[in-house]
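Working notes for the structure below.
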Amino acid sequence: MISAIAENHGVSSAQVILRWNLQKGVVVIPGSSNPEHIRENTELYGFTLTDEEMQRINALDRGEKHDWY
């Protein structure tokens, strides 16, 4: 489902997830040592997820918290 949304916007799945967080008001601090991923992580402002897309992604929430650091 994330990949279908990404395809509709012409972006990666990672960009969709980062954009979803931004639209929810979450401060996103992505990190990478890969130059292509760094560039991709900065390209989050050329698209906006629709309310329906936001709701579809929100519906995936399983109530789990993950700290990735």
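As the structure is a computational prediction, the values presented were derived from the model and not from experiment.
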Next on the checklist: Quick test of your reading: applying ring-ring contact (aromatic ring centres under 6.0 Å, His included), list the pairs with at least one residue in residues 9-29, sequence neighbours left out, ordered by first then second residue.
Outcome noted: His9-Phe47
Sequence-distant partners of [X], side-chain hydrogen bond (donor to acceptor under 3.5 Å, both in side chains), two or more places apart:
| X | result |
| --- | --- |
| Asp51 | none |
| His37 | none |
| Glu43 | Arg39 |

Heavy-atom pair with the smallest gap, counting every atom of [X] and [Y]:
| X | Y | result |
| --- | --- | --- |
| Ala6 | Ser13 | CB-N, 3.7 Å |
| Thr48 | Arg19 | OG1-NH2, 3.8 Å |
| Ser32 | Asn41 | CB-ND2, 4.4 Å |

Checklist entry - Atom CD in Gln15, atom OG1 in Thr42: separation rounded to 0.5 Å? => result 8.5 Å
Item to check | Reported CE-to-CZ distance for the pair Met1 and Arg56, which is rounded to 0.5 angstrom | outcome: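 So the gap between those two atoms works out to 5.5 Å.
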Checklist entry - Any salt bridge (Lys or Arg N to Asp or Glu O under 4.0 Å) pairs touching residues 5-14, not counting sequence neighbours? => result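 Non-adjacent pairs meeting salt bridge (Lys or Arg N to Asp or Glu O under 4.0 Å): zero.
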Checklist entry - Does Leu44 sit in a hydrophobic cluster with other residues, and if so which ones, taking ILVMFWY side chains as linked at heavy-atom separations under 4.5 Å, directly or through other members? => result Leu18, Leu22, Val28, Tyr45
Item to check | Leu49 with Leu60, same ILVMFWY side-chain cluster at under 4.5 Å | outcome: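 Yes, same cluster.
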